[in-house]
Amino acid sequence: MDPNNPNRESRSTPQYALYQRENFWKSNDGQVPPFNTDPAQLEQLAKSKLTQNGWYYASSNAGQSHTHTANRQAFYRHRIIPRMLVDTNQRDTSTTIFGHRVPAPIGFAPIGINKIYHPLGELPVARAASSLNLPYCLSTAGSQPIEDVGKANDESAGSEGGVRFFQLYMPHDDELTTSLLKRAVESGFSACILTLDTWQLGWRHDDVNTSNYAFYHGTGADLGLSDPVFQKRLKEHGIDPKTQPNEAGALWIDNVWHGRAHTWEKVRWVQGLWKEISGGKPFCLKGIQSVNDAKRAVDELGVDGIVVSNHAGRQVDGAIASLDALEKIVDAVGDKTTIMFDSGVRNASDVFKALALGAKFVFVGRLWVWGLSIMGEVGVMHVMKSLLADFDILLNVAGYKNVGEIDRGALESGPKDYPLLPVTANL
Ligand code: GLV
């Protein structure tokens with residue numbers, strides 16, 4: 001790609017495609033690109049860098065991974081129809097999410113316990129996200145204090161600060177929930193995304209078989225340990241986190257993934273709480289897969305957004321593909337709320353397909369976890385810059401000028417089909 005291409009001057013979003021050139025050129029300067037971003041190779045490289053427990057947790061899915069496989073199969077059945085001779089010289093990858101203009105419809109999905117992937121946990125990820133001006137979502141199961149993640153996310157951002165959302169796993173302790181949400185608001189998190197599909201973790205064979213629950217082994221409870229209400233709970237239980245890290249971690253995570261379901265009434269309560277604390281900032285539900293639930297979320301609660309997600313296949317095994325759910329949910333409520341998507345995204349064409357089916361925004365998870373595991377912040381940057389370049393190039397070669405042009409007419413879709421295939425992550 002010609003770096004002096006005159007379209008540079010007229011583009012409002014970064015020339016992400018130039019990252020391809022930067023890497024093509026590298027060997028002339030005696031350099032090599034950081035690593036191969038082909039998802040299958042990324043995954044294998046991450047595996048070679050992680051401890052067994054880190055690897056199992058990153059890769060685990062519910063049961064036999066059939067939901068994960070379905071997620072990937074669903075992408076495969078939709079095919080992009082390229083258009084030729086479209087003037088894509090001034091293409092624009094940007095979009096708007098909850099009033100924030102962002103340079104691409106791509107964000108960092110909330111993923112907990114990043115310390116099992118990197119000693120600094122969530123901090124390098126939050127920094128990488130704002131370096132790229134992409135929204136970052138912090139998980140309640142994160143392994144750094146909310147305040148530190150907020151600061152890290154602002155460090156690499158422009159003067160307006162990073163765009164960040166807080167993903168809530170709602171405890172059955174209202175005082176604790178209130179404290180977490182207050183901390184999030186005070187730390188600049190501008191939307192609350194309540195996850196509904198994980199009152200407890202799904203049955204994941206490898207993790208169970210290796211007692212792989214970091215919090216019970218003294219790692220990853222920092223978000224809780226830094227909370228004043230949780231500190232009070234520790235005292236009430238007579239637990240000293242310094243001498244009893246396993247017990248402290250257990251008390252924390254047993255409040256987060258408690259196994260006791262919440263109901264629609266409780267969601268109404270927490271929505272009101274968030275609105276009050278945040279002064280009306282967006283409140284979203286994550287984990288919706290059924291049209292009925294989506295309708296209820298919109299009609300009864302009037303939520304600002306829905307993340308159509310099946311937790312990347314980590315919760316209910318043998319479930320429908322999240323991409324198949326997306327299509328129906330968009331048809332039912334897509335004009336009434338902001339529909340976002342995650343689960344199974346591995347490259348730019350997956351992002352494109354989710355947008356074509358009606359998602360307004362797409363979160364990626366495992367891709368950045370692998371990058372983090374391989375090379376920390378540099379690894380996250382490489383993975384995400386590659387994804388952005390891939391997306392920018394895809395618009396160029398497929399003949400799309402901007403994100404708004406991507407609709408169902410961009411796809412030819414085969415029938416739904418879930419043949420039982422060997423479980424490979426990247427089909
Ligand atoms: C937590 O969100 C998990 O999937 O392990």
Side-chain angles (χ1 to χ4, degrees), residues 1-25 33 37-39 75 78-108 128-136 157-158 160 162-163 323 326 330 334 338-342 345-364 367-368 380-413:
M1 181 185 173
D2 176 6
N4 300 312
N5 184 334
N7 74 350
R8 270 182 326 154
E9 310 305 329
S10 44
R11 281 195 58 182
S12 64
T13 49
Q15 297 268 21
Y16 291 125
L18 280 176
Y19 195 54
Q20 180 195 52
R21 185 178 203 279
E22 194 180 314
N23 284 287
F24 280 162
W25 189 259
T37 51
D38 170 72
F75 283 106
H78 296 285
R79 297 308 177 108
I80 298 165
I81 308 167
R83 310 191 297 198
M84 295 302 121
L85 297 174
V86 176
D87 182 359
T88 53
N89 289 320
Q90 293 178 27
R91 65 193 176 278
D92 180 345
T93 54
S94 70
T95 191
T96 301
I97 181 85
F98 301 133
H100 305 281
R101 192 83 196 150
V102 291
I106 296 173
F108 285 63
S130 56
S131 303
L132 297 168
N133 294 316
L134 298 180
Y136 171 79
E160 287 178 16
V163 176
L323 199 71
L326 173 68
V330 165
T338 300
I339 304 291
M340 297 162 277
F341 175 81
D342 82 22
V345 175
R346 292 291 178 273
N347 53 47
S349 68
D350 296 343
V351 173
F352 184 102
K353 289 173 187 178
L355 296 175
L357 293 173
K360 293 284 174 267
F361 195 79
V362 177
F363 288 101
V364 300
L367 287 179
W368 67 253
V380 177
M381 288 296 284
H382 180 51
V383 165
M384 296 304 284
K385 281 170 83 171
S386 301
L387 179 66
L388 291 165
D390 183 9
F391 186 66
D392 191 18
I393 292 169
L394 174 64
L395 294 196
N396 201 15
V397 297
Y400 285 82
K401 287 186 286 215
N402 57 54
V403 167
E405 281 189 348
I406 304 170
D407 61 15
R408 287 195 193 172
L411 300 180
E412 188 165 288
S413 304

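By convention here, the first residue in the shown sequence is residue 1. For clarity, every value in this text was computed on a predicted model and none was experimentally measured.
Rounded to the nearest 0.5 angstrom, Asp2 CG and Leu18 CG are separated by 9.0 Å. Interatomic distance, Leu326 CG to Lys353 NZ, rounded to the nearest 0.5 Å: 13.5 Å. To the nearest 0.5 Å, the span separating CZ on Arg11 from CG on Asn89 amounts to 9.5 Å. Here Gln15 contributes atom CD and Gln20 contributes atom CD; the two are 12.0 Å apart, rounded to the nearest 0.5 Å. In this structure, the separation between CG on Leu355 and CD1 on Ile339 is 13.0 Å, given to the nearest 0.5 Å. With values rounded to the nearest 0.5 angstrom, Arg91 atom CZ is found 12.5 Å from Lys401 atom NZ.
For the pair Asn347/Leu394, no side-chain contact is recorded, criterion being any heavy-atom separation below 4.5 Å from C-beta on. At least one side-chain heavy atom of Leu134 sits less than 4.5 Å from a side-chain heavy atom of Leu388. Ser131 is listed as a side-chain neighbour of Met381, based on a closest heavy-atom distance under 4.5 Å. The side-chain heavy atoms of Ser349 and Phe75, taken from C-beta on, include no pair separated by under 4.5 Å. Between Ser94 and Val403 the shortest side-chain heavy-atom distance does not fall below 4.5 Å. Contact of the Leu411 side chain with the Ile80 side chain is registered, since non-hydrogen atoms from C-beta on lie closer than 4.5 Å. The side-chain heavy atoms of Arg83 and Glu405, taken from C-beta on, include a pair separated by under 4.5 Å. When side chains are defined from C-beta on, Arg408 counts as touching Val330, because their heavy atoms get closer than 4.5 Å.
When the salt bridge (Lys or Arg N to Asp or Glu O under 4.0 Å) test is applied to Asp350, the partners found at least two apart in sequence or on another chain are Arg72. Residues satisfying the ring pair (Phe, Tyr, Trp, His ring centres under 6.0 Å) criterion with Tyr400, sequence neighbours excluded, are Phe352. Remark: Arg101 engages no residue in a salt bridge (Lys or Arg N to Asp or Glu O under 4.0 Å) (not counting sequence neighbours). With sequence neighbours excluded, no residue satisfies side-chain contact (heavy atoms from CB on, under 4.5 Å) with Asp407. Here Arg79 pairs with nothing under the side-chain hydrogen bond (donor to acceptor under 3.5 Å, both in side chains) rule; sequence neighbours left out.
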Take Asn133 and Val102 through the test side chain to side chain contact (heavy atoms under 4.5 Å, CB included) and record every step on the way to the result.
CA-CA 6 Å; Asn133 294 316; Val102 291; over 6 Å; no
Side chain to side chain contact (heavy atoms under 4.5 Å, CB included) between Val345 and Ile106: does it pass, once the steps are laid out?
CA-CA 11 Å; Val345 175; Ile106 296 173; over 6 Å; no
Derivation of the side chain to side chain contact (heavy atoms under 4.5 Å, CB included) call for Val351 and Asp390:
CA-CA 10 Å; Val351 173; Asp390 183 9; over 6 Å; no
Test log, rule side chain to side chain contact (heavy atoms under 4.5 Å, CB included), inputs Leu395 and Thr88:
CA-CA 8 Å; Leu395 294 196; Thr88 53; 5.9 Å; no
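Nearest approach of Ser12 to Asp92, heavy atoms of both residues: OG-OD2, 3.1 Å. Nearest heavy atoms, Pro14 versus Pro103: CD-CB, 4.0 Å.
No donor-acceptor distance shorter than 3.5 angstrom exists from the side chain of Lys385 to the backbone of Tyr19, with no hydrogens or angles considered. Side chain of Arg346 to backbone of Leu367: no donor-acceptor contact under 3.5 angstrom is found.
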Could you give the side-chain donor-acceptor pairs of residues 356-364 under 3.5 Å, partners two or more places apart or in another chain?
none

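Environment of CD in Glu412: sparse, with no more than 12 heavy atoms of neighbouring residues, nucleotides or ligands closer than 6.0 Å.
There is no side-chain donor-acceptor pair under 3.5 Å between Thr93 and Asp392.
Ring planes of Phe108 and Tyr136: tilted class, angle from 30 to 60°.
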